[in-house]
Enquirer: 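This is the structure I want to talk about, given as structure tokens.
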Amino acid sequence: MSSSNAMKSTQQPISADLRRWVIEQLGAGHTVEALRQSMRQSGWREDAIEVALFALPVAGRAAAPASGARAAVAGAQAQPAARQPGPVLEGSAAFIDAGDRQVPVLMTLQHPRVVMFGGLLSDEECDGLIAAAGERLARSLTVETKTGGETLNQDRTSDGMFFERGENEIVRRVEARIARLLNWPVEFGEGLQVLRYRPGAQYRPHYDYFDPAEPGTPTILRRGGQRLGTLLMYLQAPEAGGGTIFPDVGLEVAPSRGSGLFFGYDRPDPGTRSLHGGSPVLAGEKWVATKWLREREFK
Ligand code: PD2
Ligand code: ZN
């Protein structure tokens with residue numbers, strides 16, 4: 001197998017030649033990993049390889065083994081989900097109808113799949129969530145994929161809490177809006193999490209999906225399957241710092257009260273480039289609400 005020279009940079013669209021070559025190779029029984037190797041040997045840049053392979057037809061990707069050593073262990077877990085949450089953005093929509101409001105689309109990125117929304121929450125909703133969460137905050141725990149339980153995590157120095165789904169009127173209203181915005185049933189969402197970051201607090205870069213190679217993951221997945229997407233809603237912006245970062249692509253999103261940041265990951269694999277983190281807050285307090293979207297009903 002010798003790899004196509006049709007595209008070696010991420011700047012160009014996937015050419016018809018390249019697409020044909022990739023499909024032919026898969027059809028001939030070569031694995032995605034073998035294609036990667038071949039492209040590397042022909043001088044392709046790592047990011048360009050990922051872009052090219054990510055553009056495969058879903059059927060082709062689903063039929064091919066998953067990427068990377070860890071994902072290889074995961075087998076079926078690392079294949080793209082059949083349906084994914086996310087706004088319908090055909091025709092470069094400037095607004096999304098979320099039922100009770102038209103939500104402005106401020107920015108989109110294809111890979112990682114990122115969409116920034118303005119005016120998603122009102123001031124009253126931000127204040128209501130902060131007030132209801134405030135008395136229940138505790139040092140944030142993180143789902144522990146080694147065991148399936150929860151532990152204190154030094155990578156995350158915020159305080160947090162979870163609402164039950166539909167717990168109060170504001171939570172219900174916001175959850176219904178999110179379901180319309182992202183075309184994903186309310187029942188497939190985890191309860192809303194609220195985090196408070198004081199000066200110095202941060203959330204180091206991580207993936208929100210559960211690592212298929214970790215022993216505790218099958219237990220976690222029993223409750224609604226994998227996470228497929230995250231909607232971060234900024235309830236209060238700090239005076240300085242606290243941006244949400246995507247290190248793989250050099251993107252930083254400034255927290256802005258009422259706005260929402262959606263990112264999707266169609267498989268539990270670093271190739272989604274969904275690595276992200278919360279930079280340290282330098283002054284003031286940052287408050288966010290997070291909605292994680294699962295494959296199936298989250299019970
Ligand atoms: O608060 C953030 O910016 C942030 C960054 C990364 C939140 C999360 N992850 C999360 O809640 O998963
Ligand atoms: Zn996260």
Side-chain angles (χ1 to χ4, degrees), residues 85 106-107 109 112-117 120-121 126 129-130 133 136-145 150-163 171 174-175 178 182 189-211 214 217 220 224 226-266 268-270 272-294 298:
L106 302 183
M107 188 278 290
L109 188 64
R113 184 76 188 122
V114 175
V115 184
M116 186 76 206
F117 300 106
L120 177 57
L121 302 183
C126 292
L129 291 173
I130 289 173
R136 288 158 55 184
L137 289 179
R139 184 58 209 286
S140 293
L141 298 174
T142 302
V143 178
E144 175 64 271
T145 46
E150 286 186 324
T151 51
L152 260 190
N153 183 342
Q154 294 312 319
D155 290 342
R156 186 192 211 186
T157 47
S158 52
D159 301 306
M161 57 77 68
F162 276 92
F163 286 109
V171 168
V174 169
E175 288 178 335
I178 294 170
L182 301 177
E190 296 181 32
L192 212 53
Q193 176 199 237
V194 173
L195 295 178
R196 175 187 64 190
Y197 299 78
R198 291 180 152 150
Q202 64 178 313
Y203 197 171
R204 290 188 202 277
H206 59 275
Y207 297 98
D208 280 356
Y209 58 72
F210 303 109
D211 185 340
E214 292 289 350
T217 293
I220 297 166
Q226 262 293 357
R227 288 176 173 163
L228 299 177
T230 304
L231 180 70
L232 263 185
M233 292 161 283
Y234 300 100
L235 306 179
Q236 182 181 304
E239 283 151 37
T244 303
I245 54 169
F246 290 79
D248 288 349
V249 288
L251 175 66
E252 175 160 3
V253 174
S256 153
R257 182 167 155 101
S259 64
L261 171 67
F262 168 75
F263 50 99
Y265 28 93
D266 67 352
D269 187 309
T272 56
R273 300 184 180 171
S274 61
L275 184 70
H276 65 287
S279 300
V281 166
L282 302 176
E285 279 186 8
K286 169 187 167 190
W287 288 74
V288 298
T290 309
K291 173 63 86 177
W292 283 296
L293 305 165
R294 297 287 193 109
F298 179 79

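Remember, it's 1-based here, ligands and their atoms both numbered in the order they're listed.
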Enquirer: So which heavy atom in the protein is nearest atom 11 (O) of ligand 1, and how far is it from that ligand atom?
Expert: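 Protein heavy atom at minimum distance: T290 OG1, 3.1 Å.
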Enquirer: With a cut-off of 4.0 Å, which atoms of ligand 1 are near a heavy atom of T244?
Expert: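 Heavy-atom distances to T244 below 4.0 Å select 2 (C), 3 (O).
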Enquirer: Tell me, which protein residue and heavy-atom name are nearest atom 10 (C) of ligand 1, and how many Å apart are they?
Expert: Y203 CE1, 3.6 Å
Enquirer: Considering non-hydrogen atoms of the protein only, which is the closest contact for atom 12 (O) of ligand 1, and what is the distance?
Expert: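 I find the closest protein heavy atom is D208 OD1, 3.2 Å.
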Enquirer: To the nearest 0.5 Å, how far apart are CG in L251 and CE in M107?
Expert: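 Interatomic distance, L251 CG to M107 CE, rounded to 0.5 Å: 5.0 Å.
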Enquirer: Using a 4.0 Å cutoff against the non-hydrogen atoms of G278, which atoms of ligand 1 qualify?
Expert: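 In order of numbering, the contacting atoms are 3 (O), 5 (C), 6 (C).
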Enquirer: Under 4.0 Å, heavy-atom basis, I'd like to know which part of F246 is in contact with ligand 1: side chain, backbone, both or neither.
Expert: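 Neither part.
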Enquirer: To which protein heavy atom is atom 4 (C) of ligand 1 closest, and what is the distance rounded to 0.1 Å?
Expert: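 I find the closest protein heavy atom is Y197 OH, 3.5 Å.
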Enquirer: As an exercise, state the distance from NE2 of H206 to OG of S274, rounded to the nearest 0.5 Å.
Expert: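 Output value for this atom pair is 9.0 Å.
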Enquirer: Report the distance from atom OH of Y209 to atom CZ of R227, rounding to the nearest 0.5 Å.
Expert: 12.5 Å
Enquirer: Using a strict 4.0 Å cut-off to heavy atoms of G277, name the atoms of ligand 1 that fall inside it.
Expert: 5 (C), 6 (C)
Enquirer: With heavy atoms of V288 as the reference, note each atom of ligand 1 found under 4.0 Å away.
Expert: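 Reading through ligand 1 atom by atom, the close ones are 1 (O).
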Enquirer: List the closest protein heavy-atom neighbour of atom 6 (C) of ligand 1: residue, atom name, distance to the nearest 0.1 Å.
Expert: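 Ranked first by proximity to atom 6 (C) of ligand 1 is H276 CD2, 3.1 Å.
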Enquirer: Enter the distance from L228:CG to D266:CG here, rounded to the nearest 0.5 Å.
Expert: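 Between atom CG of L228 and atom CG of D266 there are 8.0 Å.
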Enquirer: Ligand 1 versus L232, non-hydrogen atoms closer than 4.0 Å: side chain, backbone, both, neither?
Expert: side chain
Enquirer: Applying side chain to side chain contact (heavy atoms under 4.5 Å, CB included) between L261 and each of V288, T244, T290, report the one that passes.
Expert: T244
Enquirer: Once you round to the nearest 0.5 Å, how far does CZ of F163 lie from CD of E190?
Expert: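 Output value for this atom pair is 15.0 Å.
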Enquirer: Report, in ascending order of atom number, the atoms of ligand 1 lying under 4.0 Å from any heavy atom of H206.
Expert: 6 (C), 9 (N), 12 (O)
Enquirer: Distance-only, no hydrogens or angles: does the R136 side chain make a donor-acceptor pair with backbone N or O of F162 under 3.5 Å?
Expert: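 Such a contact is found between R136 side chain and F162 backbone.
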Enquirer: I want to check something: taking the side chain as every heavy atom from C-beta on, are L120 and L231 in contact at a cut-off of under 4.5 Å?
Expert: yes
Enquirer: Looking at the Zn ion (ligand 2), which N/O/S atom of D208 is the nearest one?
Expert: OD1
Enquirer: Number the atoms of ligand 1 from 1 as they appear, then name those within less than 4.0 Å of a heavy atom of Q193, with their elements.
Expert: 11 (O)
Enquirer: With rounding to 10 degrees, what does the angle H276:NE2 / the Zn ion (ligand 2) / H206:NE2 come to?
Expert: 100°
Enquirer: So K291 and L293, do their side chains get closer than 4.5 Å, heavy atoms only?
Expert: yes
Enquirer: Hey, are the side chains of W287 and L129 touching, using non-hydrogen atoms and a 4.5 Å cut-off?
Expert: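 No - every pair of side-chain heavy atoms lies 4.5 Å or more apart.
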